[in-house]
Amino acid sequence: MSLLHASIAARAPEAMARALARLLAGTALPFPPCPGAWIAFAAADDGTAVEVYPSGTRLDHGPSAVAFSAGPPRRDAGATHLALASPLAVPEIEALAAGFGWTARTCDRGPFDCVEIWTGEGLLIEVLDADMLADYRRGMTAANWRGMFGMED
């Protein structure tokens with residue numbers, strides 16, 4: 001199974017989608033099903049994407065499909081974060097983050113390293129270059145997780 005897409009909220013959806021698209025070397029486009037929303041597609045154009053809704057957007061169980069409703073923007077931290085594989089090298093990732101005024105630092109997560117980016121939205125994005133992604137694919141397995149934390153099968 002692969003994660004195909006995720007959705008996040010941002011006070012400036014277009015700007016966030018454009019930044020994510022740059023990290024993914026892809027394209028940012030409007031997301032018409034949700035007024036004011038944008039979507040960032042990865043360069044592979046294989047369906048990998050991040051939908052960016054205006055802050056406060058709620059997903060509702062509509063009569064025949066998901067419905068979008070607006071709510072007040074929130075500034076508090078949440079549990080949502082993304083891990084993205086980027087074709088950019090670490091210095092390029094750090095420069096991109098700096099260009100947006102975001103904090104970026106390389107961190108050791110145990111089974112992999114990543115560039116930890118904190119956006120102006122309070123969102124954590126873990127960005128992995130090619131080498132980091134290779135380590136991630138080798139290290140982030142259920143078996144390795146069990147071993148790291150002393151869990152039984």
Side-chain angles (χ1 to χ4, degrees), residues 1-31 34 36-59 66 71-153:
M1 181 175 105
S2 295
L3 178 64
L4 303 176
H5 70 264
S7 64
I8 62 171
R11 289 183 303 278
E14 179 179 355
M16 179 64 75
R18 289 188 185 284
L20 292 170
R22 284 184 56 195
L23 285 169
L24 297 169
T27 304
L29 298 168
F31 186 78
C34 178
W38 279 70
I39 186 167
F41 287 98
D45 209 15
D46 60 358
T48 302
V50 180
E51 299 167 10
V52 186
Y53 305 149
S55 186
T57 298
R58 289 169 178 73
L59 300 178
V66 67
R74 296 180 53 184
R75 291 189 57 94
D76 58 339
T80 302
H81 82 279
L82 304 172
L84 302 174
S86 177
L88 303 178
V90 170
E92 295 171 298
I93 295 166
E94 291 170 340
L96 190 151
F100 283 97
W102 298 344
T103 300
R105 58 189 176 198
T106 300
C107 295
D108 180 351
R109 295 287 195 252
F112 65 96
D113 288 346
C114 67
V115 178
E116 181 182 275
I117 295 176
W118 286 95
T119 73
E121 301 280 350
L123 176 69
L124 167 61
I125 304 173
E126 297 170 324
V127 184
L128 289 72
D129 71 3
D131 291 336
M132 293 169 169
L133 178 59
D135 289 343
Y136 179 91
R137 297 234 186 262
R138 280 191 299 274
M140 278 298 291
T141 66
N144 287 345
W145 193 264
R146 286 185 184 101
M148 252 187 328
F149 294 104
M151 299 174 188
E152 296 184 26
D153 286 337

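Basis for what follows: all heavy atoms, side chains included, without hydrogens, waters or symmetry-related copies. Residue numbers run from 1 in the order of the sequence given.
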Straight-line distance of S86 OG to D129 CG, nearest 0.5 Å: 8.0 Å
Separation between CD of E126 and SG of C107, rounded to the nearest 0.5 Å: 8.5 Å
If you compare all heavy atoms of A17 against all heavy atoms of A40, which two are closest, and at what distance to 0.1 Å? O-CB, 3.4 Å
Looking only at heavy atoms, what is the nearest atom pair of A10 and M16, with distance? CB-CB, 3.9 Å
Nearest 0.5 Å, please: how far is CD in E51 from OG1 in T57? 11.0 Å
Which of L23, I125, L82 passes side chain to side chain contact (heavy atoms under 4.5 Å, CB included) with V50? Answer is L82
Report the C-alpha separation of R58 and Y53 in whole Å, then their side-chain angles, then the decisive distance to 0.1 Å, and conclude whether the side-chain contact (heavy atoms from CB on, under 4.5 Å) test is met. CA-CA 9 Å; R58 289 169 178 73; Y53 305 149; over 6 Å; no
For T80 and L123, work out which heavy atoms get closest and say how close. O-CD1, 3.5 Å
Do the side chains of L20 and I8 get nearer than 4.5 Å, heavy atoms only? yes
Parallel, tilted or perpendicular, judged at 30° and 60°: which one describes the rings of W102 and F100? parallel
Indicate yes or no: at least one non-hydrogen side-chain atom of I117 is less than 4.5 angstrom from one of I93. yes
Measure the spacing between CD of E14 and CZ of F31 and express it to the nearest 0.5 Å. 15.5 Å
Closest heavy-atom pair, P30 versus I39, reported as atoms and distance to 0.1 Å, is O-CG2, 4.0 Å
Tell me the closest heavy-atom pair linking A97 and A104, and the distance in Å. CB-CB, 3.7 Å
At their closest point, which heavy atom of M132 faces which heavy atom of V127, and how far apart are they? SD-O, 3.9 Å
Tell me if a side-chain donor or acceptor on N144 pairs with a main-chain N or O of G139 at a distance below 3.5 Å. yes
Show, in sequence, the C-alpha distance, side-chain angles and deciding distance for F112 and M140, and conclude whether the side-chain contact (heavy atoms from CB on, under 4.5 Å) test is met. CA-CA 8 Å; F112 65 96; M140 278 298 291; 3.7 Å; yes
side-chain contact (heavy atoms from CB on, under 4.5 Å) between T106 and E94, intermediate numbers included: CA-CA 9 Å; T106 300; E94 291 170 340; 3.6 Å; yes
Under 3.5 Å donor-acceptor, E116 side chain and L124 backbone: no
Return each pair, listed once, that meets side-chain hydrogen bond (donor to acceptor under 3.5 Å, both in side chains) where at least one residue sits in residues 131-140; pairs must be two or more places apart or across chains. D135-R138
